[in-house]
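Input: a single structure, listed below in structure tokens.
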Amino acid sequence: MKTRAAAVLLLLALPATASAQAVAALNPLYQMIKSNVIKSAEQMPEANYAFKPTPEVRSFGQLVGHMANANFMICATAKGEKSPGAQDFEKTTEKAALVKAVKDAFAYCDGAFQMSDASLAPMTELFGMKMSRLTVLMLNVTHDNEHYGNMVTYFRLKGMVPPSSQGG
């Protein structure tokens, strides 16, 4: 938890004028996490979508749904728009619907990661904190990576190799 708080504080401290360099550095990281999350959603067998390592945590399917919800919400904040996420995908149980939801959410986010420097500089509010739109996108990548780490654990517990370790 301390690491997450430190990362948030670091992101909040970034000047808006650093956007050109930050977006150039952030976009490959966004593309990598997008690929890993989508491949994970596609590769996990439907029978394992209900799997929970412990009763207190989300199932794999709920995790995919949560990531779809969050991507819609966070990227809408960065874009200054109302979220197009029409439902709570964390309550969806069918693999095909969840794969589509997470793909749609990332497709929506693609536009946010192509915004101009001028569009990324203005301040907005997310989770009760004021930050630049660029910082919102950085938090999105951080959030996706955090939950991809959960996905990796689910893959390993099921004896599977996660996409980021598959090579080629």
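As the structure is a computational prediction, the values presented were derived from the model and not from experiment. The chain is numbered in sequence order, starting from 1.
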Which pairs count as salt bridge (charged side-chain N to carboxylate O under 4.0 Å, His left out) when at least one residue sits in [range], sequence neighbours excluded?
| range | result |
| --- | --- |
| residues 106-116 | Lys34-Asp110 |
| residues 52-68 | Arg58-Glu90 |
| residues 59-70 | none |

Spacing of [X] atom [atom1] and [Y] atom [atom2] [to the nearest 0.5 Å]:
| X | Y | atom1 | atom2 | answer |
| --- | --- | --- | --- | --- |
| Asp144 | Leu29 | CG | CG | 11.5 Å |
| Leu139 | Met131 | CG | CE | 5.0 Å |
| Thr135 | Asn140 | OG1 | CG | 12.5 Å |
| Phe51 | Leu63 | CZ | CG | 12.0 Å |
| Met67 | Phe89 | CE | CZ | 14.5 Å |
| Tyr148 | Thr153 | OH | OG1 | 10.0 Å |

Requested in this report: Taking Ser35 for its side chain and Gln31 for its backbone only, find out whether a donor-acceptor pair lies under 3.5 Å.
Outcome: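 Not at all, since once roles are kept as given, no pair shorter than 3.5 Å links the two residues.
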Please identify each residue that fulfils side chain to side chain contact (heavy atoms under 4.5 Å, CB included) with [X], with sequence neighbours left out.
| X | answer |
| --- | --- |
| Met160 | Met44, Pro45, Asn48, Phe155, Lys158 |
| Ser165 | Arg156, Val161, Pro162 |
| Lys100 | Asp104 |

**Report entry** Any side-chain donor near an acceptor of the partner, Asn150 and His147, under 3.5 Å
**Finding:**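 The answer is yes; a qualifying pair exists.
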Could you tell me which non-hydrogen atom of [X] sits nearest to which non-hydrogen atom of [Y], and how far apart they are?
| X | Y | answer |
| --- | --- | --- |
| Leu126 | Met73 | CD1-SD, 3.7 Å |
| Arg133 | Gly80 | NH2-CA, 3.7 Å |
| Val57 | Gln62 | O-OE1, 4.4 Å |
| Phe72 | Pro84 | CD2-CG, 3.6 Å |
| Leu98 | Gly61 | CD1-O, 3.6 Å |
| Leu26 | Phe113 | CD2-CE2, 3.7 Å |

Looking at residues at least two apart in the chain, or sitting in another chain, which of them share a salt bridge (Lys or Arg N to Asp or Glu O under 4.0 Å) with [X]?
| X | answer |
| --- | --- |
| Lys79 | none |
| Glu94 | none |
| Lys39 | none |

Report task. Test side-chain contact (heavy atoms from CB on, under 4.5 Å) on Leu134 and Met115 and set out the steps. Result -> CA-CA 9 Å; Leu134 172 62; Met115 290 169 41; over 6 Å; no
Requested in this report: Please collect all disulfide (SG to SG under 2.5 Å) contacts where either partner lies in residues 52-141, sequence neighbours excluded, each pair once.
Outcome: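 Listed by first then second residue: Cys75-Cys109.
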Query - Parallel, tilted or perpendicular: ring planes of Tyr49 versus Phe60, cut at 30 and 60 degrees - result: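 Rings of Tyr49 and Phe60: perpendicular, as their planes differ by over 60°.
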**Report entry** Residues that Thr93 engages under side chain to side chain donor-acceptor pair (under 3.5 Å), provided they are two or more places apart
**Finding:**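 With sequence neighbours excluded, Thr93 shows a side chain to side chain donor-acceptor pair (under 3.5 Å) to no residue whatsoever.
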Query raised in the report: Can you list the residues that meet the side chain to side chain donor-acceptor pair (under 3.5 Å) rule with Tyr154, with sequence neighbours excluded?
Result: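 Counting only residues at least two positions away or on another chain, Tyr154 forms no side chain to side chain donor-acceptor pair (under 3.5 Å).
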Query raised in the report: Can you tell if the side chain of Met151 reaches within under 4.5 Å of the side chain of Gln43, non-hydrogen atoms only?
Result: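 A side-chain contact is absent here, since even the closest heavy-atom pair is not under 4.5 Å.
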